[in-house]
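Okay, structure first, notes after.
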Amino acid sequence: MKQVSGIHYKTGKAVKVSFEDGVFVSIEGEEQRKELPIIAPGFVDLQVNGYRGIDYNDTALTTASIESTVRHLWCQGVTSFYPTIITNEPENIINTMSIFQEAAETNAAVNQAIPGIHLEGPYLSPEDGPRGAHAKPFVKAPDWTEFQMWQKASGGRISIITVSPEWPESASFINKCTNHGVLVSIGHTAATPENIHDAIEAGAKMSTHLGNGAHVMLKRHPNYLWEQLASDELAACMIADGFHLPDSVLKVILRMKGEGAILVSDCVSLAGMPAGSYHLHIGGDVVLDKSGRLYMKENEDLLAGSAQTQLWGVNHLLRRGMCSLPFAVDLASIHPSLVMNLPQRKGICEGAPADFLLLHQSGKNGITLLETYKNGISVYKNREVCSHENTFND
């Protein structure tokens, strides 16, 4: 049995957590000491397109590169995540799903860190604006037979699918997905309020990066953003990197959704990379500036995706004073675990998976990640603040 002492992120009290075989077995009171780190649940990211130069939608993807991203995301406090496969040629989607299936079946770290796959597209809006960066030639109406083919290739790992309910066949498709245990999220949509109501009735439970993947100009009301905000049945994912949404929109989502607000990164392959000019196979020439903003080289007003992780998002919310530390952590851990019904939804308590973080909080400067534990094993230590020479521990 192993033990770690720290300050419980919710109660603010000193505790000693004991864990064995990857599970918390007890949470006991501890002597309060200034040097104790904060103990918080590991982050769960529902939308990761890639990391550190590895793109999950690149045909060059390998099982080794998938494992690499798993280990690098530990350095950002992400203990579980959903790789996001976007609109592409049907054959490419099959091949990508097959690679993830192989990676999960042959590598324990991948299998433990990836509870499912997020398929974002191709059943999205074909309209400019809502479609975003998704390739128009491959955008289409929902096709249950096609989806089953992709699900089979993944080994049944597709757990989330983003759909625009504007297609006539959407409600039936959403209902079938729901009945087969796949969470349906509304996104990249130009749907009417009636379409959204029908989607909710059919089983849709979430909104994908609400406020992004939308028209530049919208009718004042009604529109698909208001409708999703007002629908209590829908959890709302949001990108809080400071570039995708203004603080005012983040505040509205937080206040409207409460426990249903979810922090995602939606990070692309350039997340974790140094500032500079790059060429992406999806998006072309882009620039990642020193502020962390990723944009199109020919038009700096157009974002080319997110280059930041959930840890950055948590710190953005804290530094802007938009919420407390416990709530910010829950946005990135408990809330996504709840909507996906993961065992991590229990947080730091007996019987929950020992996926947790040790953090340091420095006033308004946010939090610093000290150490990451996955299934009770220390898998990352911050070398700058910990006297430890290895960043990864097996």
Side-chain angles (χ1 to χ4, degrees), residues 2 4-10 12 14-15 17 19 24 34-48 51-52 68-81 109 112-113 239-242 262-267 271-274 292 306-320 322-337 344 347-348 352-394:
K2 298 180 180 179
V4 172
S5 295
I7 304 299
H8 195 290
Y9 82 109
K10 267 192 179 298
V15 294
V17 298
F19 45 96
F24 289 118
K34 288 184 178 180
E35 69 274 13
L36 288 178
I38 297 169
I39 298 181
F43 297 154
V44 178
D45 197 340
L46 303 186
Q47 197 165 10
V48 177
Y51 192 65
R52 295 273 294 196
S68 175
T69 57
V70 167
R71 294 181 176 274
H72 282 297
L73 283 168
W74 286 337
C75 306
Q76 296 295 312
V78 180
T79 52
S80 298
F81 69 97
Q112 293 167 4
I239 305 170
D241 61 359
I262 295 171
L263 180 65
V264 297
S265 70
D266 197 16
C267 65
M273 299 292 282
S306 171
Q308 307 305 333
T309 65
Q310 284 177 305
L311 181 59
W312 176 292
V314 166
N315 274 326
H316 178 77
L317 296 175
L318 292 175
R319 289 165 183 162
R320 296 287 186 164
M322 282 188 266
C323 60
S324 65
L325 172 65
F327 192 72
V329 169
D330 282 352
L331 288 168
S333 60
I334 305 302
H335 295 188
S337 298
Q344 287 87 341
I348 307 295
D355 290 3
F356 66 97
L357 313 175
L358 300 183
L359 308 169
H360 172 71
Q361 185 176 21
S362 178
K364 294 183 178 180
N365 293 321
I367 56 173
T368 299
L369 176 63
L370 306 179
E371 192 167 5
T372 302
Y373 282 78
K374 177 66 180 175
N375 289 332
I377 297 173
S378 175
V379 291
Y380 166 73
K381 278 193 176 183
N382 188 331
R383 285 188 289 189
E384 295 183 2
V385 293
C386 296
S387 56
H388 195 288
E389 294 185 356
N390 299 317
T391 52
F392 297 124
N393 305 296
D394 293 320

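Only a predicted model underlies this, so the values are computations on that prediction, with no experimental measurement involved.
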Point-to-point distance, once rounded to the nearest 0.5 Å, from OG of Ser265 to CG of Asp45: 3.5 Å
Is a side-chain N or O of Gln308 found less than 3.5 angstrom from the main chain of Gly292, in a donor-acceptor match? yes
What distance separates Glu35 CD from Ile7 CD1, expressed to the nearest 0.5 Å? 9.0 Å
Minimal non-hydrogen separation, Phe19 against Ala354, with atom names: CB-CB, 3.9 Å
Does Gln310 reach the main-chain N or O of Val78 with its side chain, forming a donor-acceptor pair under 3.5 Å? no
Minimum heavy-atom distance Leu263-Gly313, with the two atoms named: CD2-C, 3.9 Å
Hey, can you pull the donor-acceptor pairs under 3.5 Å for the side chains in residues 363-370, sequence neighbours left out?
none

For a quick test of reading the model, state the closest non-hydrogen atom pair linking Cys323 to Leu318 and the distance between them. O-CD2, 3.7 Å
With side chain to side chain contact (heavy atoms under 4.5 Å, CB included) as the test, would you mind laying out the steps for Asp355 and Asn375 before giving the verdict? CA-CA 5 Å; Asp355 290 3; Asn375 289 332; 3.5 Å; yes
Look up atom CG in Asn315 and atom CG in Leu325, then write down how far apart they are to the nearest 0.5 Å. 9.5 Å
Walk me through it: do Ser80 and Gln344 pass the test side chain to side chain contact (heavy atoms under 4.5 Å, CB included)? CA-CA 9 Å; Ser80 298; Gln344 287 87 341; 3.5 Å; yes
Give, for atom CH2 of Trp312 and atom SG of Cys267, the distance between the pair rounded to the nearest 0.5 Å. 13.0 Å
If you round to the nearest 0.5 Å, how far is OG of Ser306 from CD of Gln47? 9.5 Å
Work out which heavy atom in Gln76 is nearest to a heavy atom in Leu311; give both atom names and the distance. O-CB, 3.7 Å
Determine, step by step, whether Tyr373 and Thr79 satisfy the side chain to side chain contact (heavy atoms under 4.5 Å, CB included) criterion, reporting the C-alpha distance in whole Å, the side-chain angles of both residues, the deciding distance to 0.1 Å, and the verdict. CA-CA 8 Å; Tyr373 282 78; Thr79 52; over 6 Å; no
Indicate the atoms forming the closest heavy-atom contact of Ala240 with His316, along with that distance. O-CB, 3.4 Å
Thr372 side chain to Trp74 main-chain N or O, any donor-acceptor pair under 3.5 Å? yes
Here the pair of heavy atoms bringing Leu36 nearest to Ala14 is CD1-CB, 3.8 Å
Candidate pair Leu357 and Phe43, rule side chain to side chain contact (heavy atoms under 4.5 Å, CB included), full reasoning: CA-CA 8 Å; Leu357 313 175; Phe43 297 154; 3.9 Å; yes
One should read off an interatomic distance between Glu371 CD and Ile39 CD1, to the nearest 0.5 angstrom, of 10.5 Å
Name the atoms and distances for all side-chain donor-acceptor pairs under 3.5 Å in residues 326-337, with sequence neighbours left out.
residue: Asp330; atom: OD1; partner: Tyr9; partner atom: OH; Å: 2.5
residue: Asp330; atom: OD2; partner: Lys10; partner atom: NZ; Å: 2.6
residue: Ser333; atom: OG; partner: Val329; partner atom: O; Å: 2.7
residue: His335; atom: ND1; partner: Glu259; partner atom: O; Å: 3.2
residue: His335; atom: ND1; partner: Ala261; partner atom: O; Å: 2.7
residue: Ser337; atom: OG; partner: Ser333; partner atom: O; Å: 2.7

